[in-house]
Amino acid sequence: MNLGVLTLGCPKNLADMDNFAGIMKSQGHTIVDEIDETDLIIIDTCGFIEEAKKESIDEIFKAISAKKGKPGLKVVAVGCLVQRYYEEMKSDIPELDGLIGVTSPLTLARLIEKGELFYLQAPEGVYGYFNRRASGYSAYVKIGDGCNRNCAFCSIPLFKGPSASRSLESIKSETLSLVKKGVKEIVLVSQDNTQYGRDLDGDLDLGCLLRELNDLSGDFWIRVMYLHPDHVDLSLIDTMLELPKVVDYFDMPVQSGSDRILKAMGRTRNSSELGSIFNFIRAKAPHSVLRTTLMLGFPGETEETFRETMDFVKRVEFDRLGGFVYSREEGTDSFNKRRTTTTVRAKEMLELLLQEQDGISATRLSRYRGKVMKVLIEEAGQSYSIGRAFNSAPEIDGVVVLKGHVEEGLFTNVRITDTFEHDMEGVVLDELA
């Protein structure tokens, strides 16, 4: 069978579908990119916020429209949006040939092979390791799924269920397999990596996992994403800084810099406590990269709370920052709360915040000018090549642009010659002789 796979949403979905694709290929199926070669299209959906839901629905209807030119084509929607709105989608989009909720890659593969295309059970977000394709030089490895935090704005626990961790051996096996296939960066993801191991027997936690992965053979980076700032402790920070394969990159989505909004969101640490954590990291390792995500327009947001968030961002001086506008999601604690700012104004706030951050990011990056950095080359062209240093996560941060052809898939020492808001330019060190 020729399968088309479209993955939407977060990196956790990418990890799932790369595992699914690997399993299907091992069973003799072919993963294809062209729709005219496809027998069945699988769309892994996202149900987190309104914008992501709309993108999923748009892509579903695009795929359905392709059936007109290829009558035998089947379209199956899977994942988070299906788990959340299974009955509604079954009723409202009868053109779909299948709906499968949140399942493990192996379960999804078995269902597809059996032709059981309508399936909804309790979320199955964690799994063992069987096979996986490696489609680049960095790879997301999912260490768990679900969440126990119940933030007031977040719908994820509604369709992902409580936090569940993958076994240590499964994660190690997947990591080793990827490294043997040429992957040079393992990016650990889950809804909240600080929850890892708490549901497993023994004293296993994220720090233990990092030490185990660090001891695996091979030359590769380990990057940790999605650390809930309320549950990051100093011992975890020390562990991340001590382990040579773990890059000194701290991704902690604080969501707001206003104490009033943080409390309304159900967060436990206030802006001063959050600032102390970031200050601790900077004091101990000034070269470390701090990344966060902020939400604008949450119920209770005012011009004053926005100024507080802006002031917080200026004080901390994050290296990297992303943001989004609050989405009112049914089933969450904030659903019935009155919005105190319009969506238009929230978007304006976000734009102002990102403009301010551009200046901060540019200043933070400028300290690398003239310095030598280890760069992972990911794309080799004739006139220029592209890579990333430790200070940039794949897909969401900037890149290093190098003149000329540089062999991809390798770590290369580069002298940084110029920096901008998000990207850097450099030359391979050997070329300086």
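One distance of note links NZ of Lys347 with OG1 of Thr341; it measures 12.0 Å at 0.5 Å rounding. Note that NZ of Lys180 is 11.5 Å distant from OG1 of Thr175, once rounded to the nearest 0.5 Å. With rounding to the nearest 0.5 angstrom, the CD1 atom of Ile100 is 10.0 Å from the OG1 atom of Thr107. The CD1 atom of Ile49 sits 9.0 Å away from atom OG of Ser155, with the distance rounded to the nearest 0.5 Å. The CG atom of Leu176 sits 4.5 Å away from the CG atom of Leu216 when rounded to the nearest 0.5 Å.
The cationic atom of Lys90 (NZ for Lys, CZ for Arg) lies less than 6.0 Å from the six-membered ring centre of Phe118 and within 45° of the ring axis. The cationic group of Arg328 lies under 6.0 Å from the six-membered ring centre of Phe335 and within 45° of the ring axis, placing it in a cation-pi geometry. Figure legend: cation-pi geometry between Arg84 and Phe159 absent, as NZ or CZ is not positioned both under 6.0 Å from the six-membered ring centre and within 45° of its axis.
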For this session: Check the pair Asp423 / Arg388 against salt bridge (charged side-chain N to carboxylate O under 4.0 Å, His left out), numbers first and verdict last.
Result: CA-CA 9 Å; Asp423 302 321; Arg388 285 182 299 106; over 6 Å; no
Exercise. Under the side chain to side chain contact (heavy atoms under 4.5 Å, CB included) criterion, do Arg291 and Ile396 qualify, and how do the steps go?
Worked result: CA-CA 11 Å; Arg291 190 183 206 285; Ile396 57 173; 3.5 Å; yes
For this session: With side chain to side chain donor-acceptor pair (under 3.5 Å) as the test, would you mind laying out the steps for Glu50 and Ser327 before giving the verdict?
Result: CA-CA 6 Å; Glu50 194 62 35; Ser327 175; 4.8 Å; no
Problem set entry | Thr194 and Asp192: CA distance, side-chain angles, deciding distance, side chain to side chain donor-acceptor pair (under 3.5 Å) verdict | CA-CA 5 Å; Thr194 66; Asp192 170 16; 2.7 Å; yes
Problem set entry | Chi angles and distances behind the side chain to side chain donor-acceptor pair (under 3.5 Å) call for Ser170, Arg166 | CA-CA 7 Å; Ser170 174; Arg166 286 180 65 190; 2.6 Å; yes
For this session: List the steps, then state whether side chain to side chain donor-acceptor pair (under 3.5 Å) holds for Arg307 with Ser258.
Result: CA-CA 8 Å; Arg307 284 194 298 271; Ser258 166; over 6 Å; no
For this session: Determine, step by step, whether Phe20 and Arg132 satisfy the side chain to side chain contact (heavy atoms under 4.5 Å, CB included) criterion, reporting the C-alpha distance in whole Å, the side-chain angles of both residues, the deciding distance to 0.1 Å, and the verdict.
Result: CA-CA 7 Å; Phe20 166 76; Arg132 176 173 178 175; over 6 Å; no
Exercise. Are Arg315 and Asp311 close enough, and set up right, to give a salt bridge (charged side-chain N to carboxylate O under 4.0 Å, His left out), and what steps lead you there?
Worked result: CA-CA 6 Å; Arg315 288 197 304 273; Asp311 290 343; 5.3 Å; no
For this session: Determine, step by step, whether Glu301 and Arg345 satisfy the salt bridge (charged side-chain N to carboxylate O under 4.0 Å, His left out) criterion, reporting the C-alpha distance in whole Å, the side-chain angles of both residues, the deciding distance to 0.1 Å, and the verdict.
Result: CA-CA 10 Å; Glu301 187 86 86; Arg345 179 53 184 158; over 6 Å; no
For this session: Dump the intermediate steps for side chain to side chain contact (heavy atoms under 4.5 Å, CB included) on Asn19 and Asn131, then the final yes or no.
Result: CA-CA 6 Å; Asn19 272 284; Asn131 205 336; over 6 Å; no
For this session: Any chance you could lay out the side chain to side chain contact (heavy atoms under 4.5 Å, CB included) test for Met373 and Ile416, step after step, and finish with the verdict?
Result: CA-CA 7 Å; Met373 301 185 75; Ile416 302 302; 3.7 Å; yes
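Nearest approach of Lys53 to Glu330, heavy atoms of both residues: NZ-OE1, 4.2 Å. Considering every non-hydrogen atom in both Ala346 and Gly297, the closest pair reads CB-CA, 3.9 Å. Of all the heavy atoms in Gly101 and Gln83, the pair that sits closest is CA-OE1, 3.3 Å. Residue Pro394 comes nearest to Tyr140 through the heavy atom pair O-OH, 3.5 Å, listed as atom of the first residue, atom of the second, then distance. Closest heavy-atom contact between Gly79 and Asp44: CA-OD1, 3.6 Å. Taking every heavy atom of both residues into account, Val75 and Ile64 meet most closely at CG2-N, 4.2 Å.
Taking the charged nitrogens against the carboxylate oxygens, Asp215 and Lys245 have no contact shorter than 4.0 Å, which rules out a salt bridge.
Looking only at atom types and distance, the side chain of Asn193 has a donor-acceptor partner in the side chain of Ser190 under 3.5 Å away. For the residue pair Glu124 / Ser104, a side-chain donor-acceptor distance below 3.5 Å is found, with atom types taken as modelled. A donor atom on one side chain and an acceptor atom on the other are not found under 3.5 Å apart for Lys142 and Tyr127. Using modelled atom types, one finds no donor on one side chain facing an acceptor on the other under 3.5 Å when comparing Tyr368 with Asp418. Of the N and O atoms on the side chains of Asp397 and His422, not one donor lies less than 3.5 Å from an acceptor on the other residue. The closest side-chain donor-acceptor pair between Asp233 and Ser235 falls under 3.5 angstrom. Side chains of Asp230 and Thr268: a donor on one and an acceptor on the other come within 3.5 Å. For the residue pair Arg367/Thr419, the side-chain donor-acceptor check at 3.5 Å is not satisfied.
By the 6.0 Å contact criterion, CD on Glu407 is open, its count of non-hydrogen atoms from other residues, nucleotides or ligands being 12 or less. More than 12 heavy atoms of other shown residues, nucleotides or ligands fall within 6.0 angstrom of atom NZ in Lys181. In this structure, Arg110 places its CZ atom where only 12 or fewer heavy-atom neighbours from other residues, nucleotides or ligands lie under 6.0 Å away. Residue Phe280 qualifies as enclosed at atom CZ: its count of foreign heavy atoms under 6.0 Å is above 12. Other residues, nucleotides and ligands place more than 12 heavy atoms under 6.0 Å from the CD atom of Glu356. Around atom CG of Asp203, no more than 12 heavy atoms belonging to other residues, nucleotides or ligands sit under 6.0 Å away.
Applying side-chain hydrogen bond (donor to acceptor under 3.5 Å, both in side chains) to Tyr137 and the options Glu185, Glu378, Glu408, Lys184 leaves one that passes, Glu408. Screening Lys12, Arg133, Lys25 against Asp18 for a salt bridge (charged side-chain N to carboxylate O under 4.0 Å, His left out) leaves a single residue, Arg133. Residue Phe250 forms a side chain to side chain contact (heavy atoms under 4.5 Å, CB included) with just one option from Thr292, Asp319, Leu241, and that option is Leu241.
Between the side chain of Asp199 and the main chain of Ser165, a donor-acceptor pair closer than 3.5 Å is present. A side-chain donor-acceptor contact under 3.5 Å links Thr45 to the backbone of Val78.
Sorted by first and then second residue, the pairs that involve residues 259-273 and meet salt bridge (charged side-chain N to carboxylate O under 4.0 Å, His left out), not counting sequence neighbours, are Arg260-Glu304. Applying the ring-ring contact (aromatic ring centres under 6.0 Å, His included) definition to pairs two or more places apart or across chains, those involving residues 214-236 are Trp221-Phe411, His228-His231.
Remark: aromatic rings of Phe318 and Phe278 are close, center separation under 6.0 Å.
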